[in-house]
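Remarks on the structure that follows.
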There are 2 protein chains.
Amino acid sequence: MSKIEEKCKEKGVRLTDQRKIIAKVISDSKQTFGSKDHPDVDELHKRATLIDKKISIATVYRTIKLFEESGILIRHDFKEGKSRYEPTTEEHHNHLIDINSGEIVEFVDKEVEELQNKIAQKLGYKLVDHKLELYGSKIKKN
Amino acid sequence: MSKIEEKCKEKGVRLTDQRKIIAKVISDSKQTFGSKDHPDVDELHKRATLIDKKISIATVYRTIKLFEESGILIRHDFKEGKSRYEPTTEEHHNHLIDINSGEIVEFVDKEVEELQNKIAQKLGYKLVDHKLELYGSKIKKN
DNA sequence: AAAATATTTAAACTAATTATAAATATTAAG
DNA sequence: CTTAATATTTATAATTAGTTTAAATATTTT
Ligand SMILES: [Mn+2]
Ligand SMILES: [Mn+2]
Ligand SMILES: [Zn+2]
Ligand SMILES: [Zn+2]
């Protein structure tokens, strides 16, 4: 049973066949597709279709919303029209997007996290959520 | 002549009556409406209509796109469906959004800027753009 | 097994944005 | 100036991502 399926049990989310498939697809996304991943709804649907060819896009939308609300996956709105998804990770991480290749590089930085808290506090706010996205181009070393 | 109008001249963007109005509306947004601002297209259109009641929403969309591509204004995609806009500022700044009131607090933080550059570099990238959004709730002190 | 409840499907709908085509305005030639 | 060429605006149609609806299926409870 995948990590996500376990979480569904935990959160009391009923696991239908379709949801299992979507859970698997999103679970696999990290391992199978590497750092470039973070698939959008169409891509998730395409991959789900390989397992069950009659799964509906409406179900993918509904399930993803359910999973997001249950904290099972994270939605990202990078600089495009459509949202992209990834399984919730233990540790919060941020993203650097390669503006040339579209590759997404993940990173964790304790210093940034602390600094963000400090800034919020200084402004008189308790930090509830935050988003940091870096856009860059590869430095070629020779 | 507003700051934005000057920039249009600079960038060789022709200034029609409608564009002047939109330029004025977005120029004024900062001063007149304070930190809560960063209007969306509908709001820009509404304000433009007060000056010329037959200005079309299509023109607002087109003009805003033009202004954005010319670096005259900045588009933000906060956690909503629609984009919001503000005049390009001298100094890059970031936003803290009050999750209760919707108020937007702007801040500049040199430390964050430096840190972001350092992170990008460490990952082998040259930083081209970045986005930092904090979401928080007001701390009440008594 | 039957009734009640939840989920899926396919299709209709919504909201934001973009594209199109005719009308209007601006600029460039003659 | 006048006319032709070019650009912009308007109104409207089309597109896109995402949500809602109603009937069909599936699951759970009695
Ligand atoms: Mn974090
Ligand atoms: Mn900056
Ligand atoms: Zn990620
Ligand atoms: Zn701002």
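Lettering of chains follows the sequences in order, A, B, ..., and the numbering in each one begins at 1. For clarity, every value in this text was computed on a predicted model and none was experimentally measured.
- With rounding to whole Å, A:Lys20 atom NZ is found 14 Å from C:dT7 atom P.
- In the model, A:Glu43 has no side-chain atom that pairs as donor or acceptor with a side-chain atom of A:His38 under 3.5 Å.
- Note on A:Val112: it clusters hydrophobically with A:Val105, by side-chain heavy-atom contacts below 4.5 Å among ILVMFWY residues.
- Heavy-atom contacts from other residues, nucleotides or ligands closer than 6.0 Å to CD of B:Gln121 number 12 or fewer.
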Query raised in the report: Would B:Glu133 and B:Lys79 count as a salt bridge (Lys or Arg N to Asp or Glu O under 4.0 Å) if you check the C-alpha gap in whole Å, the side-chain angles of each, and the deciding distance to 0.1 Å?
Result: CA-CA 10 Å; B:Glu133 286 161 26; B:Lys79 297 194 161 188; over 6 Å; no

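- Stacking of B:Lys131 on the aromatic ring of A:Tyr135 is not recorded, the 6.0 Å distance cut-off and the 45° axial limit not both being met.
- Atom-to-atom, CG of A:Asp42 to P of D:dT16 comes out at 11 Å; the value is rounded to the nearest Å.
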Query raised in the report: Going through the distances and angles, do B:Lys82 and B:Asp40 end up as a salt bridge (Lys or Arg N to Asp or Glu O under 4.0 Å)?
Result: CA-CA 7 Å; B:Lys82 38 196 159 180; B:Asp40 61 27; 3.7 Å; yes

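- Within the 3.5 Å criterion, the main-chain N or O of B:Ile26 finds a donor-acceptor partner in the side chain of B:Ser29.
- Non-hydrogen atoms lying under 4.0 Å from DNA chain D are contributed by B:Arg14, B:Thr16, B:Gln18, all within residues 7-18 of chain B.
- At whole-Å resolution of the value, CD1 in A:Ile55 and P in D:dA24 are 21 Å apart.
- Look at CZ on B:Arg84: it is 13 Å from P on C:dA16, rounded to the nearest Å.
- For the pair B:Leu127 and B:Asp129, the tightest heavy-atom approach, listed with the atom from each and the gap, is CD1-O, 3.5 Å.
- Following rounding to the nearest Å, B:Lys54 (NZ) and C:dA23 (P) show an atom-to-atom distance of 17 Å.
- One can place CD of B:Glu43 at 16 Å from C1' of C:dA16, the figure rounded to the nearest angstrom.
- Side-chain nitrogen and oxygen atoms of A:Ser83 include at least one within less than 4.0 Å of the OP1 or OP2 phosphate oxygen of D:dG18.
- Within residues 57-65 of chain B, the residues that place at least one heavy atom under 4.0 Å from DNA chain D are, in residue-number order, B:Ala58, B:Thr59, B:Arg62.
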